[in-house]
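To start, the structure itself, in C-alpha cells.
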Amino acid sequence: MIQIVALPAFSDNYIWLLQDTANRRCAVVDPGDAAPVLAWLGEHPGWALQDILVTHHHADHVGGVEALKAATGARVSGPAHERIPARDLALEDNDTVQVLGLRFQVLAMPGHTLGHIAYYTAQATTPLLFSGDTLFAAGCGRLFEGSPEQMHHSLQRLAALPAETEVYCAHEYTLSNLRFACAVEPQNPHVMQRFEEVTRLRAEHRISLPSSIGLERLTNPFLRTAETFVKQKADEWRGHSNPTQATVFAALRSWKDQF
C-alpha cells in the first residue's frame with residue numbers, strides 16, 4: 001500500500017512523497033527544492049528514494065532534481081519534449097512507467113507548458129492523479145506556452161477520469177481558486193460549501209489537498225464550460241457570445257488572470 005504525504009516548498013508548492021512502507025522505498029513528484037526531500041530522508045534512515053517524477057520544466061518543479069539525483073541515484077522521469085535536468089526516462093503521451101510497484105499512465109497535458117505531462121494510475125487502492133500545474137483544486141494553470149484550446153482539451157481529458165480519482169496538484173491555490181468559482185457560480189451550493197470548508201482548513205493552516213475528479217466536476221469552473229450559467233457568465237465577461245466550450249474556457253481563463 002502506498003502512502004502519500006506533502007512536503008511543503010517555497011511559499012505554496014507541494015512536493016508529493018509516495019511511500020512504499022512495506023519495502024521502505026519512496027518516490028517524489030516535482031521536487032523544485034531538494035532540501036525538504038533530503039530532510040525527510042535524513043529523518044527516516046533506511047529509506048531509499050527510487051524515483052523522481054517531473055511534470056514540466058518550470059524551476060519550482062525541477063530545481064531540486066539534480067541534487068536529489070546526485071545524493072540518491074534515483075531515476076528521473078519527465079516529459080520527452082521539455083528540457084528536464086538529469087532525466088533518465090523521457091516520457092511520451094500514453095507511455096507507462098513503473099513506480100513503487102504501480103503502473104502509471106503518462107498523459108500529455110499541453111497548455112500550461114507545451115510538453116507538460118500528468119501521471120495517472122488505477123492500480124492504487126484509490127486511483128491517483130499527479131496533475132502538476134494543469135488541473136488545480138477548483139482551478140487550472142495559467143497558459144504560458146499552450147493555447148486555450150489545448151488546455152481545454154487537457155482538462156476535459158482529466159475530467160473523464162473516474163470520479164473517485166484523487167487529485168494531487170502542485171500548489172496550495174485552492175482558496176483563491178474558490179473565490180473565483182464563487183464569482184462564476186454564486187448559486188452553486190457545492191462551490192459555496194467547498195469555499196466554507198477550505199476557508200476553515202486554511203485558517204487552521206491545514207492542507208486543502210488532495211481533491212477528487214468528482215469534486216472538481218462539481219466545483220471547478222474550468223471543468224464546467226458546458227454549464228449554461230457558466231457560459232452566461234463567460235459571455236458577460238467577454239461582452240459577446242462564446243460559441244464553443246473552448247472559447248468559454250478562454251474567457252474564464254482571461255477573467256481569472258485579472259481576478
Side-chain angles (χ1 to χ4, degrees), residues 55-58 79 81-82 92-94 105-118 120 127 129-165 167 169-171 173-195 198 211-259:
T55 62
H56 66 291
H57 66 83
H58 286 163
H81 302 289
E82 296 194 353
E92 303 266 5
D93 189 31
N94 291 319
Q105 179 186 1
V106 175
L107 305 173
M109 293 281 117
H112 182 68
T113 67
L114 285 175
H116 196 300
I117 61 175
Y120 170 75
L129 172 70
F130 294 94
S131 58
D133 285 0
T134 296
L135 176 63
F136 290 133
C140 73
R142 288 178 178 265
L143 305 184
F144 288 114
E145 298 174 13
S147 68
E149 292 77 15
Q150 286 176 312
M151 188 64 142
H152 174 68
H153 181 267
S154 294
L155 291 171
Q156 289 300 302
R157 191 175 182 189
L158 296 182
L161 295 174
E164 65 271 21
T165 302
V167 178
C169 57
H171 291 273
Y173 290 163
T174 315
L175 190 56
S176 62
N177 287 340
L178 284 167
R179 290 192 184 102
F180 178 68
C182 288
V184 177
E185 290 191 279
Q187 297 180 2
N188 182 331
H190 305 291
V191 170
M192 297 303 128
Q193 180 182 354
R194 190 179 187 189
F195 177 72
V198 172
S211 180
S212 71
I213 291 296
L215 183 57
E216 294 308 309
R217 290 178 194 159
L218 292 173
T219 61
N220 189 327
F222 297 103
L223 300 190
R224 295 175 58 77
T225 52
E227 298 295 323
T228 299
F229 192 83
V230 173
K231 180 189 181 315
Q232 289 173 349
K233 295 293 280 190
D235 291 351
E236 288 176 17
W237 166 255
R238 281 291 201 210
H240 59 74
S241 178
N242 294 280
T244 68
Q245 286 192 51
T247 57
V248 171
F249 169 82
L252 292 173
R253 187 61 258 181
S254 173
W255 183 7
K256 178 63 164 65
D257 289 345
Q258 301 176 46
F259 187 75

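When a residue number appears, it is its place in the shown sequence, counting from 1.
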### Task
Test Asn188 against Phe229 for side-chain contact (heavy atoms from CB on, under 4.5 Å), laying out the working first.
CA-CA 10 Å; Asn188 182 331; Phe229 192 83; over 6 Å; no
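- Closest of all the heavy-atom pairs between Lys233 and Val184 is CG-O, 3.2 Å.
- Taken from OG1 in Thr113 to CG in Asp133, the straight-line distance is 8.5 Å, to the nearest 0.5 Å.
- Side-chain contact between Thr219 and Gln193 is absent, with no heavy atoms from C-beta onward closer than 4.5 Å.
- In this structure, the side chain of Ser154 engages the main chain of Gln150 through a donor-acceptor pair within 3.5 Å.
- Considering only residues two or more places apart in sequence or on other chains, Lys256 meets the salt bridge (Lys or Arg N to Asp or Glu O under 4.0 Å) condition with none of them.
- Considering only heavy atoms from C-beta on, Phe249 comes within 4.5 Å of Leu155 through its side chain.
- Residues Lys231 and Ser241 are in side-chain contact: their nearest non-hydrogen atoms beyond the backbone lie under 4.5 Å apart.
- Between Pro162 and Tyr120, some side-chain heavy-atom pair lies under the 4.5 Å cut-off.
- For the pair Arg194 and Glu216, the salt-bridge criterion is met [side-chain N within less than 4.0 Å of a carboxylate O].
- One N or O on the side chain of Arg253 and one on the backbone of Cys140 form a donor-acceptor pair closer than 3.5 Å.
- Residues Ala181 and Pro221 share a closest heavy-atom pair of CB-CD, 3.8 Å.
- Put simply, the side chain of Val230 reaches to within 4.5 Å of the side chain of Glu185, judged on heavy atoms.
- The structure places NE2 of His152 at 9.5 Å from CG of Leu223, a figure rounded to the nearest 0.5 Å.
- The two residues Ala108 and Ile117 come nearest to each other via the heavy atoms CA-CG2, 4.3 Å.
- Between the side chain of Asn177 and the backbone N or O of Ala137 there is at least one donor-acceptor pair closer than 3.5 Å.
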### Message
For Met192 and Gln187: C-alpha separation, side-chain torsions, deciding distance, then whether side-chain contact (heavy atoms from CB on, under 4.5 Å) applies.
### Response
CA-CA 8 Å; Met192 297 303 128; Gln187 297 180 2; over 6 Å; no
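- Interatomic distance, His116 NE2 to His56 NE2, rounded to the nearest 0.5 Å: 4.5 Å.
- Under a 3.5 Å cut-off, the side chain of Arg217 and the backbone N or O of Ala159 do form a donor-acceptor pair.
- The distance from the CD atom of Gln245 to the CZ atom of Phe222 is 14.0 Å, given to the nearest 0.5 Å.
- Not a single salt bridge (Lys or Arg N to Asp or Glu O under 4.0 Å) links Arg238 to another residue, sequence neighbours left out.
- Proximity of Phe130 to Val167: side-chain heavy atoms (C-beta onward) are nowhere separated by under 4.5 Å.
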### Query
How far apart are the C-alpha atoms of Arg179 and Phe259, what are their side-chain angles, what is the distance that settles it, and do they pass the side-chain contact (heavy atoms from CB on, under 4.5 Å) test?
CA-CA 9 Å; Arg179 290 192 184 102; Phe259 187 75; 4.2 Å; yes
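- In this structure, Tyr173 and His171 have parallel ring planes: the angle between them is below the 30° cut-off, well short of the 60° mark.
- Here the closest heavy-atom approach between residue Trp255 and residue Ala183 is recorded as CH2-O, 4.0 Å.
- Of the listed residues (Glu145, His58, Arg142), just one forms a side-chain hydrogen bond (donor to acceptor under 3.5 Å, both in side chains) with His112, and that residue is His58.
- Here the CG-OG distance, from Leu129 to Ser212, works out to 11.0 Å after rounding to the nearest 0.5 Å.
- No option in Thr247, Asn242, Val248, Thr244 other than Val248 meets the side chain to side chain contact (heavy atoms under 4.5 Å, CB included) test with Thr225.
- In this structure, Leu135 CG and Thr165 OG1 are separated by 11.0 Å, a value rounded to the nearest 0.5 Å.
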